[in-house]
Amino acid sequence: MRKASQVLANLGVATACAASSIVSHNRTVFLLAMAAALSEAAADTVSSEVGQAFGEEARLVTTWRAVPAGTDGGVSLTGRTAGIAAAGVVSSVCFLGGLVPLQWLAISIGAAVLGMIADSFLGAGLERHGLVNNDLVNFLGTLTAAATAFWLARLHM
């Protein structure tokens, strides 16, 4: 069962972006940031679960040393590929639902993938050493994705 902190960590940034889109003159930019945050949350979850399910050897993202599947900051090719696919699916649904314009679809996917990578580095560098918990790592991953999408969209306006 999920705890409230886990839900907030994975959906808090997207919710804040959605709420901001209601009152902002730049509604589309906030919806893009929301899509990127949701896509990152899906990418991170899918990459972790698929990587563990297939039992493929994981590598610590900071040193590239072999670690058991499920280790904070551990990545595998299968898990990472599944995560990228998940980011693509969620971002595409946001496009098909009219939330993200086609010209920004790649921004949403790319920002989500960057957030997923940031999550891995934060997991390896901070969570693995007990400096932060997984909820904060997940929150920062979604925040990275949303902020990146927002910034890139503003550059292209």
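Everything numeric in this text was worked out from a predicted model, so none of it was measured. Numbering of residues begins at 1 and proceeds along the displayed sequence.
Within the 4.5 Å cutoff, no side-chain heavy atoms of Val67 are placed close to those of Arg59. The shortest side-chain heavy-atom distance between Ser120 and Arg80 falls under the 4.5 Å cut-off. In this structure the side chain of Pro101 reaches within 4.5 angstrom of the side chain of Thr28, judged on heavy atoms.
Note on Leu114: it does not cluster hydrophobically with Leu155, by side-chain heavy-atom contacts below 4.5 Å among ILVMFWY residues. By the criterion of side-chain heavy atoms lying less than 4.5 angstrom apart, applied directly or through intervening Ile, Leu, Val, Met, Phe, Trp or Tyr residues, Phe150 is grouped together with Trp104 in one hydrophobic cluster. A single hydrophobic cluster is not seen to contain both Val93 and Val100; linkage of ILVMFWY side chains at heavy-atom distances under 4.5 Å, directly or through other members, places them apart. Taken together through direct or relayed side-chain contacts under 4.5 Å among Ile, Leu, Val, Met, Phe, Trp and Tyr, Val137 and Phe139 form part of one hydrophobic cluster. The same ILVMFWY cluster, assembled from side-chain heavy atoms under 4.5 Å apart, contains both Trp64 and Ile117.
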Identify each donor-acceptor pair in which a side-chain atom of residues 70-79 lies under 3.5 Å from a protein atom, sequence neighbours left out, and give them as a table.
from	atom 1	to	atom 2	distance (Å)
Thr71	OG1	Pro68	O	2.6
Ser76	OG	Gly79	N	3.0
Thr78	OG1	Glu56	OE1	2.2

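For Leu32 against Ala149, the heavy-atom pair with the smallest separation is CD2-O, 3.6 Å. Minimum heavy-atom separation, Ala145 to Ala112: CB-CA, 4.0 Å. Pairing each heavy atom of Ala124 with each of Leu60, the nearest pair is CB-CD1, 3.8 Å. Heavy atoms only, all atoms of each residue included: Cys94 and Ala35 are closest at SG-CB, 3.6 Å.
The closest donor-acceptor contact from the side chain of Ser47 to the backbone of Asp44 lies under 3.5 Å. Under the 3.5 Å distance criterion, the side-chain polar atoms of Asn10 are matched with a main-chain donor or acceptor of Gln6. Between the side chain of Ser108 and the backbone N or O of Leu105, no donor-acceptor pair lies under 3.5 Å. Distance alone, capped at 3.5 Å, places no donor-acceptor pair between the Asn26 side chain and the Val29 backbone.
Side-chain polar atoms of Ser20 and Arg27 form no donor-acceptor pair below 3.5 angstrom. Between the side chains of Gln52 and Ser48, at least one donor N or O lies within less than 3.5 Å of an accepting N or O.
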Would Asn133 and Glu127 satisfy side chain to side chain contact (heavy atoms under 4.5 Å, CB included), going step by step from the backbone distance to the final call? CA-CA 6 Å; Asn133 66 18; Glu127 183 181 1; 5.9 Å; no
Could you walk me through whether Ile84 and Thr81 satisfy the side chain to side chain contact (heavy atoms under 4.5 Å, CB included) test, starting with their C-alpha distance in whole Å, then the side-chain angles of each, then the deciding distance to 0.1 Å, before giving a yes or no? CA-CA 5 Å; Ile84 292 168; Thr81 302; 5.7 Å; no
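Atom CZ of Phe30 and atom OG of Ser24 lie 4.5 Å apart (nearest 0.5 Å).
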